[in-house]
Amino acid sequence: MLKKIKTEIAYRLINHGPIVLITSIDKNNEPNIMTIAWTSVINSEPPLVAIAVGNQAYSQKSIKESKEFVINIPDKKLMKSIIYCGNHSGENINKFGTLKLSPLKSDTIKPPKIKECFAHLECKVIKQYRYSDVLFFISKVVYADVEKKYFDESIKTDKIKTIHHLGGGWFAETGKRFTPLKNVDI
Ligand SMILES: Cc1cc2nc3c(=O)[nH]c(=O)nc-3n(C[C@H](O)[C@H](O)[C@H](O)COP(=O)(O)O)c2cc1C
């Protein structure tokens with residue numbers, strides 16, 4: 001039996017891409033970290049992704065000005081940092097220092113990546129769209145790296161658990177990885 005739900009919570013059915021930590025730098029070159037659930041892959045060649053950043057976020061201003069950010073992918077071990085970076089603004093605090101996270105020089109852009117995250121996508125904004133309180137940054141991935149032991153053709157989700165925001169205060173973690181072509185009889 002199908003249950004009708006409000007369109008305002010329909011996003012929760014497609015919300016569970018991995019939670020990411022976005023690093024950016026402000027006009028004083030201070031690095032900052034914010035938590036983002038609302039990301040989207042747009043294309044593979046050329047590699048394009050998008051993030052939706054609300055007006056409440058200090059990072060929005062920084063990314064608007066510098067046009068650069070890193071998508072850092074945390075695993076379950078960084079759950080506290082995920083919540084902290086999503087509930088505290090970096091306008092007046094240094095989240096790297098508070099959370100004892102280590103900034104690592106990026107290869108192609110100014111904002112640093114987070115050493116404790118197992119994968120990083122360095123991004124340059126190519127277009128931005130505003131609707132109401134949200135800025136949607138469409139960006140080109142200019143460099144990417146990932147911890148070797150956690151990736152072959154895809155993330156080895158049985159070896160590293162990414163975190164997925166379901167909405168309404170709920171989260172999920174990844175589990176068994178499979179490929180239907182090998183494991184399922186059709
Ligand atoms: C689990 C989680 C997911 C979030 N996802 C987003 C998001 O997709 N877009 C957004 O604008 N804010 C999101 N936030 C809120 C920001 O992370 C929050 O406003 C943060 O304090 C901004 O940091 P800043 O002011 O240092 O940039 C999320 C928060 C949490 C806890």
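The model shown is predicted, which means the values in this text are computed figures rather than measured ones. Whatever order the structure lists them in is the order used to number ligands and atoms, beginning at 1.
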Within a radius of less than 6.0 Å around [atom1] of [X], do more than 12 heavy atoms belonging to other residues, nucleotides or ligands occur?
{"X": "K67", "atom1": "NZ", "answer": "yes"}
{"X": "K156", "atom1": "NZ", "answer": "yes"}
{"X": "Y129", "atom1": "OH", "answer": "no"}

Interfacing atoms of ligand 1 (cut-off 4.0 Å, heavy-atom, [X]):
{"X": "A52", "value": "7 (C), 8 (O), 9 (N), 10 (C), 11 (O)"}
{"X": "H88", "value": "21 (O), 23 (O), 26 (O)"}
{"X": "V53", "value": "11 (O)"}
{"X": "G90", "value": "24 (P), 25 (O), 26 (O)"}
{"X": "F171", "value": "1 (C)"}

(message) Can you tell me how the ring of F137 sits relative to the ring of F69, calling it parallel under 30°, perpendicular over 60° and tilted otherwise?
(response) tilted

Can you tell me which portion of [X] lies within the under-4.0 Å heavy-atom range of ligand 1? Options are side chain, backbone, both, or neither.
{"X": "C85", "value": "backbone"}
{"X": "V134", "value": "neither"}
{"X": "K95", "value": "side chain"}

Starting from [atom], which protein heavy atom do you reach first, and at what distance in Å?
{"atom": "atom 5 (N) of ligand 1", "result": "A37 N, 3.0 Å"}
{"atom": "atom 27 (O) of ligand 1", "result": "S59 OG, 2.5 Å"}
{"atom": "atom 24 (P) of ligand 1", "result": "Y58 N, 3.5 Å"}
{"atom": "atom 11 (O) of ligand 1", "result": "G54 N, 2.8 Å"}
{"atom": "atom 31 (C) of ligand 1", "result": "G86 CA, 3.8 Å"}
{"atom": "atom 12 (N) of ligand 1", "result": "Q56 NE2, 3.2 Å"}

Is the shortest heavy-atom distance from the side chain of [X] to the side chain of [Y] under 4.5 Å?
{"X": "I114", "Y": "P103", "result": "no"}
{"X": "C85", "Y": "M34", "result": "no"}
{"X": "H164", "Y": "I19", "result": "no"}

(message) Once rounded to the nearest 0.5 Å, what's the spacing between atom CD of Q128 and atom CD of Q60?
(response) 8.5 Å

(message) Using a 3.5 Å cut-off on N or O atoms only, is W38 in polar contact with ligand 1?
(response) yes

(request) Under the ring-ring contact (aromatic ring centres under 6.0 Å, His included) rule, collect the residues that match up with F151, sequence neighbours excluded. (result) none

(message) We want to know whether S62 and N32 form a side-chain donor-acceptor pair, criterion being a heavy-atom distance below 3.5 angstrom.
(response) no

(request) Could you pull out, from N32, T35, I19, the option with a heavy atom nearest to atom 13 (C) of ligand 1? (result) T35

